[in-house]
2 protein chains.
Amino acid sequence: MTTTAPHTRAWQDVLAHIEQRLLDGSLLPGDHLPSERTLAADLGVGRSSVREALRVLEVLGLLRTHTGSGPESGAIIIARPSGGMSSLMRLQVAAQGFRVEDVVSTRLILETAVAGQLAEAVAGDRMPDLLPALEILDAMEVAPQPAEPPTPTEFLALDAQFHFSLAMATGNEVIAATMSGLRSSIESYSTAGVANLESWAATSARLMGEHRAIIAAIESGDPGAARASVEGHITQYYAEAGFGRPEHPFTPKGPHHG
Amino acid sequence: MTTTAPHTRAWQDVLAHIEQRLLDGSLLPGDHLPSERTLAADLGVGRSSVREALRVLEVLGLLRTHTGSGPESGAIIIARPSGGMSSLMRLQVAAQGFRVEDVVSTRLILETAVAGQLAEAVAGDRMPDLLPALEILDAMEVAPQPAEPPTPTEFLALDAQFHFSLAMATGNEVIAATMSGLRSSIESYSTAGVANLESWAATSARLMGEHRAIIAAIESGDPGAARASVEGHITQYYAEAGFGRPEHPFTPKGPHHG
DNA sequence: CAGACCATGTGGTATGACCACAGGTTACCT
DNA sequence: AGGTAACCTGTGGTCATACCACATGGTCTG
């Protein structure tokens, strides 16, 4: 649309070619891509250009590569958006393109919507599958033995899995992947924030209780309660950890990049 | 955590190095990266590996490159998440990692939240800047001259800009970028759906009226009305265009990838 | 002083040469 | 005949080199 670049770069041609093959169905998840050398010869570009395109696709979560020979080797189409989302958002936060408070705010919107949808599903007699989420809760609650240190990092990882599994329970992979990316983009802040807590033991215990409350609200089919419980759960942790979103969105926050 | 790969690939090292420099602030938006040859020498890798990492960063919207010499040349750090979001989501839809109905559903969540937040801001006397959105509406309404064809593609592009500008009005760039990605990932469906409409003239006229209604609801400070107007706006178009989301999220949708 | 010229350094690309790896095949020994 | 070791082949991963097009800035020339 820009009409400025008559001269697309070689790796973009490769990318476009693969995208086209994905769109027309000649390349499906699980399929092997031609070898790098073959692809280069077919498209009339150098192997390095092919590799640059494949690297992009790999980071975006569209393919995986294995060396060696056999059915597992080569580049295989997959579709795992979470990894790409995580890379993208993590780097954007690092480069100050995303503000942490905006990430938190967005997460809040999506998570409350997820909880609300699940509760509505229960109310509408379309019972979502909450089993994976419950299994994660069980795992969280057996891990912190009184004798052992609570290992906040592991706990937070399970917490992330719990929220992710709720999103997956809605069947909406877009939300799930986005949440996963949002989460990992501020992961370092979450773990660093543990130091700001008065008592990790108390906080983790509270979090576990809140998880059960979220599930209970969903299972009761009360969307409002489900939304509220999720909102409180997330907001309070970030507040305690010391990097909650500002009380009002889009109050002036100052420039962040030119 | 996987402990499986003791042997990170060279381009990942480059990526990690740049990410680290972003995190510690030694690389800020607007800064130049060292030249590819220098970077390769400094990190002890080949130039092609550096280029693979830079390609990833470029697609992710983290940097732009220019040939030649002078202050504009080389690789410069930027932070434009929209482009990366668009590439990621577009390709994930192409590879069947994202279902179109999930994209629509997610867009609905974010857009209604945006409208709601803006209305709440008005109600709370924190007037958001709706001027950019209004200017786009003006542009939309002068474009379709009766003498000229309505040019649906241009109209839809302006429509996308309108919704994007609403997201930007909240100040939340995460939402704005995500919405931009969602939108572009199903852009081809949107334009193709025009053919399913009974009358483009009628639909476009309705859409323009709904845009004004959305603005009015926001300016009246009524979050519920704002949310409802956005929901109706989006839902109805997709329904008319023939690829709306199913009436209920997470009803069985069939397998999409193994 | 103005304009043409070229030296320099940038990204963009292609090519060739290796390496490690993993599976399949073959040959060999028991 | 069976099992096992060797090797052959093709994969991605990496590097080095050699170009190209390009844009700037300095220099030379009129």
Side-chain angles (χ1 to χ4, degrees), chain A residues 2-18 27 30-78 80 83 87, chain B residues 2-18 27 30-78 80 83 87:
Chain A
T2 52
T3 73
T4 58
H7 128 273
T8 69
R9 290 180 280 179
W11 63 270
Q12 290 176 323
D13 293 343
V14 179
L15 215 48
H17 175 256
I18 296 176
L27 220 43
D31 286 353
H32 278 72
L33 243 61
S35 81
E36 295 178 353
R37 294 167 177 84
T38 304
L39 212 43
D42 288 353
L43 299 181
V45 300
R47 191 184 160 205
S48 41
S49 297
V50 170
R51 284 182 62 76
E52 290 179 20
L54 295 190
R55 214 75 311 122
V56 169
L57 292 173
E58 181 174 347
V59 171
L60 259 37
L62 283 167
L63 59 82
R64 70 178 175 79
T65 59
H66 273 140
T67 61
S69 69
E72 287 299 298
S73 75
I76 300 182
I77 298 289
I78 59 176
R80 301 266 174 281
S87 300
Chain B
T2 51
T3 73
T4 57
H7 142 268
T8 69
R9 290 180 281 179
W11 63 271
Q12 291 175 323
D13 293 343
V14 180
L15 216 48
H17 174 258
I18 295 176
L27 220 44
D31 287 353
H32 278 72
L33 242 62
S35 80
E36 296 178 354
R37 293 166 177 85
T38 304
L39 212 43
D42 288 353
L43 299 182
V45 300
R47 191 183 160 206
S48 41
S49 296
V50 170
R51 283 182 61 77
E52 289 179 20
L54 295 190
R55 215 74 309 123
V56 168
L57 292 173
E58 181 174 346
V59 170
L60 259 38
L62 267 288
L63 59 84
R64 70 177 176 78
T65 59
H66 273 141
T67 60
S69 68
E72 286 299 297
S73 74
I76 300 182
I77 298 289
I78 59 176
R80 300 267 174 281
S87 300

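In what follows, chains carry the letters A, B, and so on, assigned in the order in which the sequence lines appear, proteins first and then strands, with residues in each chain numbered from 1. Note that the coordinates shown come from a computational prediction; the quantities given were computed from them, not determined experimentally.
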> So what does A/G70 hit on the nucleic acid, given a heavy-atom distance under 4.0 Å: a base, only sugar-phosphate, or nothing?
Replying inline: sugar-phosphate
>> Whole angstroms only, please: what is the CZ-P distance between A/R55 and D/dG12?
In response: 10 Å
> Base, sugar-phosphate, or nothing for A/S49, non-hydrogen atoms under 4.0 angstrom?
Replying inline: sugar-phosphate
> Between B/W11 (CH2) and D/dC15 (C1'), how many Å, whole number?
Replying inline: 17 Å
>> Could you report the tightest heavy-atom contact between B/I78 and B/G61, atom names first, then the distance?
In response: CG1-O, 3.5 Å
> Whole-Å distance between D/dG12 C1' and B/R9 CZ?
Replying inline: 9 Å
>> Do the side chains of A/E58 and A/R51 get close enough for a salt bridge, i.e. N-O under 4.0 angstrom?
In response: no
> How far apart are the C-alpha atoms of A/T65 and B/R9, what are their side-chain angles, what is the distance that settles it, and do they pass the side-chain contact (heavy atoms from CB on, under 4.5 Å) test?
Replying inline: CA-CA 12 Å; A/T65 59; B/R9 290 180 281 179; 3.4 Å; yes
> So which nucleotide from D/dT14, C/dG23, C/dG11 ends up closest to the side chain of A/S69?
Replying inline: C/dG23
> To the nearest Å, how far apart are B/D42 CG and D/dC15 P?
Replying inline: 14 Å
> Taking the nucleotide of DNA chain D with the closest heavy atom to each, which residue, B/V45 or A/A75, is nearer the 5' end?
Replying inline: A/A75
> Between D/dC15, C/dA14, D/dG13, which nucleotide gets closest to the side-chain atoms of A/A10?
Replying inline: C/dA14
>> Using the side-chain heavy atoms of B/R51, tell me which of these nucleotides is nearest: D/dG12, C/dT13, D/dC15.
In response: C/dT13
> So, for A/R55 and B/V56, which heavy atoms are closest and what is the spacing to 0.1 Å?
Replying inline: O-CG2, 3.9 Å
> For A/H66 and C/dA22, what is the distance between atoms NE2 and C1' respectively, to the nearest whole Å?
Replying inline: 11 Å
>> Closest approach to the side chain of B/S48, judged atom by atom: which nucleotide of C/dG12, D/dG12, D/dC15 is it?
In response: D/dC15
> Which of these, A/I76, A/T38, A/I18, sits in a side-chain contact (heavy atoms from CB on, under 4.5 Å) with A/L33?
Replying inline: A/I18
>> Given C/dG11, D/dG13, C/dG23, identify the nucleotide with an atom nearest to the side chain of A/E36.
In response: D/dG13
> How would you label the contact of A/R64 with the nucleic acid (heavy atoms, under 4.0 Å): base, sugar-phosphate, or nothing?
Replying inline: nothing
> CD of A/E52 versus P of D/dG12: gap in Å, rounded?
Replying inline: 16 Å
> Whole Å only: how far is the CG atom of A/L15 from the C1' atom of C/dG12?
Replying inline: 16 Å
> When the nearest nucleotide of DNA chain C is assigned to B/G68 and to A/G68 on a heavy-atom basis, which residue is associated with the more 5' position?
Replying inline: B/G68
> Using a cut-off of 4.0 Å on non-hydrogen atoms, how would the nucleic acid contact of A/T65 be classed: base, sugar-phosphate, or nothing?
Replying inline: sugar-phosphate
> Taking CD1 from A/I76 and C1' from C/dA22, how many angstroms apart are they, rounded to a whole number?
Replying inline: 13 Å
>> By the 4.0 Å heavy-atom rule, please label B/G46 as base, sugar-phosphate, or nothing.
In response: sugar-phosphate
>> Any side-chain to backbone donor/acceptor pair from A/H32 onto A/S73? Under 3.5 Å, distance only.
In response: yes
> The side chain of B/R47 lies closest to which of these nucleotides: D/dT14, C/dG23, C/dG11?
Replying inline: C/dG11
